[in-house]
Amino acid sequence: MKSVYPSLHGLPAETKGGVYALVDCNNFYASCERVFNPKLEGKPVVVLSNNDGCVVARSNEAKAYGIKIGTPIFQCEDLVKNQKVYLFSSNYALYGDMSRRVMDILTQFTPEIEIYSIDEAFLSLKGFHYLNLTEYAGHIKNTVKKWTGIPVSIGIGETKTLAKIAHKLSKRKPEYDGVFNIIDHPEIDQLLASIEVNDIWGIGGQYTKFLNKHNINNALQLRNARDKWVEKHLTSVGLRTVLELRGIPCIPLEETIPAKKGIMSSRSFGKPVEKLTELKEAVATYISIGAEKLRKQKSAASVVHVFLATDFFKEEPKYFNFSTFRLPTATASTTDLIGYAHKSLEKIFRKGYQYKRAGVMLTGIVPENQIQYNLFEPKPLNRRRETLTKVIDKINLELGTDTIQYAAEGINKPWRMRQAKRTKRFTTKWDEIPLVKG
DNA sequence: TCTGGGGTCCTAGGACCC
DNA sequence: TCTGGGGTCCTAGGACCC
């Protein structure tokens with residue numbers, strides 16, 4: 001029998017009924033800060049973006065004050081002062097390590113897991129039907145909390161999109177206790193009708209505007225929309241979302257982490273930068289970060305992009321430019337990549353501007369064992385340099401990031417981003433481990 | 001004073017080839 | 001009168017995610 005649904009990019013659309021659980025860490029960054037400072041329990045906690053600029057995470061108490069994600073923190077000055085909000089710079093060394101611990105625990109509950117982001121994972125629970133799934137999820141939740149101190153909430157559905165919706169519902173009533181299973185729910189239509197389209201995974205601001213204009217305001221209405229119409233206006237991606245709302249899995253679990261196709265590294269500066277020498281240090285630092293990621297996934301890049309920008313928000317003369325350099329041969333060597341990036345930077349640098357931000361992007365990424373060597377270029381990475389790079393990577397992995405740096409990255413780094421309120425890297429730096437007794 | 005930093009996929013259109 | 005058409009590759013832009 002032919003399926004009534006189109007096969008999307010080779011996905012078997014007719015296989016109905018997966019069992020997916022979405023495990024999401026509650027207010028992850030704020031929760032990480034709390035694990036190492038229990039006094040913060042019950043207090044409003046806010047974690048800031050790089051350069052201490054915007055709000056990127058809040059505890060429930062901070063949410064209750066109406067502090068929104070993405071708002072520049074200086075706009076909340078009064079709240080911060082009067083309500084005693086605890087502010088933190090983001091501490092990715094800590095959050096990354098806590099994330100790994102949470103994911104390690106989740107792996108023990110199912111063989112099929114996709115680590116979706118730093119604070120979320122999809123688990124396939126197909127074949128676990130002999131269990132009460134809600135109870136099982138409750139057990140997962142309690143174990144993570146007990147072993148790491150991180151609170152999570154869990155949604156269960158027949159597709160990843162429905163699991164996301166179930167997760168949203170898990171927070172709706174205290175009696176759900178952070179777990180909601182939407183599979184075979186007798187009131188599924190009412191539940192879907194209570195979810196705004198904007199809250200559906202895959203429907204963002206533009207699509208929301210468009211759908212609302214056509215009187216599609218909630219998940220139930222979108223689920224019932226005509227396939228052809230959806231595909232025409234929301235492309236095949238939107239159609240997948242609609243099919244998922246109907247319980248037909250179209251977005252498979254991705255258990256292996258695919259190699260990145262582009263690696264970006266950029267930061268705003270702590271203060272404006274004018275000098276080429278300082279920009280060169282910054283660019284070298286970003287290349288070093290990018291190249292390390294490149295080597296970690298065992299690949300090499302053949303295109304280097306460098307960009308440079310003045311402050312977007314200020315009245316001062318504005319300048320933005322980027323330059324793309326195609327390498328004769330793909331490489332993952334920090335030294336080589338810094339050389340190319342510096343040449344690009346010199347090309348776009350203009351004197352007399354107050355620069356606020358620079359960055360690099362590495363693309364044209366190929367696996368390291370598939371590098372095409374150029375007939376007219378010498379093999380760029382000699383044996384000794386390759387060994388040296390490996391040793392540096394190993395030392396930095398074992399003793400902490402930046403134990404060894406390239407001289408081109410600079411020593412004092414006056415342009416470095418602000419991180420005035422960063423807590424210690426409790427779990428990844430030997431000299432920052434918490435002491436039980438001082 | 002002060003406004004983040006990463007990624008993915010899809011589509012349309014142009015260049016080029018036969 | 002009628003002025004091919006299919007395929008691939010690349011890029012830019014737009015949507016989305018955390």
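Every chain is numbered from 1, with letters handed out A, B, ... down the list of sequences. Quick caveat: nothing in here was measured; it's all calculated off a predicted structure.
The distance between atom CZ of A:Phe322 and atom C1' of C:dA12, rounded to the nearest whole Å, is 10 Å. Distance CD1 (A:Ile263) to C1' (B:dG6): 11 Å, rounded to an integer number of Å. A:Phe269 has its CZ atom 14 Å from the C1' atom of B:dG5, to the nearest Å. The nearest whole Å value for the distance from the CD atom in A:Gln206 to the P atom in B:dT11 is 18 Å. Rounded to a whole Å, the NZ atom of A:Lys232 is 17 Å from the P atom of C:dA15. For A:Ile200 and C:dC18, the CD1 to P distance is 13 Å, given to the nearest whole Å. In this entry the distance linking OH of A:Tyr207 with C1' of C:dG14 reads 8 Å, nearest Å. As rounded to whole Å, 16 Å separates atom C1' of C:dC18 from atom CG of A:Asn26.
Residue ring and base: A:Phe313 counts as stacked with B:dT3 (centre distance below 5.5 Å, interplanar angle below 30°).
Close to B:dG5, at under 4.0 Å from its OP1 or OP2, lies a side-chain N or O of A:Ser268. Distances shorter than 4.0 Å separate some side-chain N or O of A:Arg267 from OP1 or OP2 on B:dG6. Proximity of A:Lys314 to the phosphate of B:dT1: no side-chain N or O atom is located under 4.0 Å from OP1 or OP2. Side-chain N/O atoms of A:Lys164 include one lying less than 4.0 angstrom from OP1 or OP2 on C:dC18. Within the structure, a side-chain polar atom (N or O) of A:Lys261 is placed less than 4.0 Å from OP1 or OP2 of B:dC9. Here A:Arg357 does not reach the OP1 or OP2 of B:dT3: none of its side-chain N or O atoms lies under 4.0 Å away. For A:Ser266, a side-chain nitrogen or oxygen approaches OP1 or OP2 of B:dG6 to under 4.0 Å.
For the pair A:Asn212 and A:Asn198, the minimum side-chain heavy-atom distance is 4.5 Å or more. No side-chain heavy atom of A:Arg350 sits under 4.5 Å from any side-chain heavy atom of A:Leu308. By the 4.5 Å heavy-atom criterion applied to side chains, A:Cys250 and A:Thr159 are not counted as neighbours. Taking 4.5 Å as the limit, every side-chain heavy atom of A:Lys275 sits out of range of all side-chain heavy atoms of A:Tyr355. Between A:Phe36 and A:Thr427 there is a side-chain heavy-atom pair separated by less than 4.5 Å.
Nearer to the 5' terminus of DNA chain B, by closest-nucleotide assignment, is the contact made by A:Gly70 (compared with the other of A:Gly70 and A:Val237). Judged by closest nucleotide on DNA chain B, A:Asp311 is the one of A:Gly262 and A:Asp311 placed further toward the 5' end.
The partner of C:dA12 is B:dT11, by the rule that a Watson-Crick or G-U pair needs both atom distances under 3.5 Å.
Geometric assessment of A:Lys84 against the ring of A:Tyr86 yields a positive cation-pi assignment under the 6.0 Å and 45° thresholds.
Salt bridge A:Arg246/A:Asp227: present, at least one basic N to carboxylate O contact under 4.0 Å. One finds no salt bridge joining A:Glu368 and A:Arg295 here, because no Lys/Arg side-chain nitrogen approaches an Asp/Glu carboxylate oxygen to under 4.0 Å.
Distance from the side chain of A:Lys260 is smallest for B:dG7 among the nucleotides B:dC10, B:dG7, B:dG5. For A:Arg240, the side-chain atoms get nearest to B:dC10 when compared with the rest of B:dG6, B:dG4, B:dC10. Ranking B:dG4, C:dT11, B:dG7 by closeness to the A:Lys293 side chain, first place goes to B:dG7. Side-chain proximity of A:Trp201 to B:dG4, C:dC18, B:dT3: nearest is C:dC18.
At a non-hydrogen distance threshold of 4.0 Å, nothing from residues 112-119 of chain A comes into contact with DNA chain B.
Across all strands, A:Glu77 comes closer than 4.0 Å to base atoms (heavy-atom distances). Within the nucleic acid shown, A:Ser90 has no heavy atom closer than 4.0 Å to any nucleic acid atom. Using a 4.0 Å heavy-atom cutoff across all strands shown, A:Gly205 reaches sugar-phosphate atoms only and no base atom.
Comparing the P positions of B:dC2 and C:dC18 gives an interatomic distance of 31 Å, to the nearest angstrom.
Counting only N and O atoms by type, the side chains of A:Asn26 and A:Ser153 include a donor and acceptor under 3.5 Å apart.
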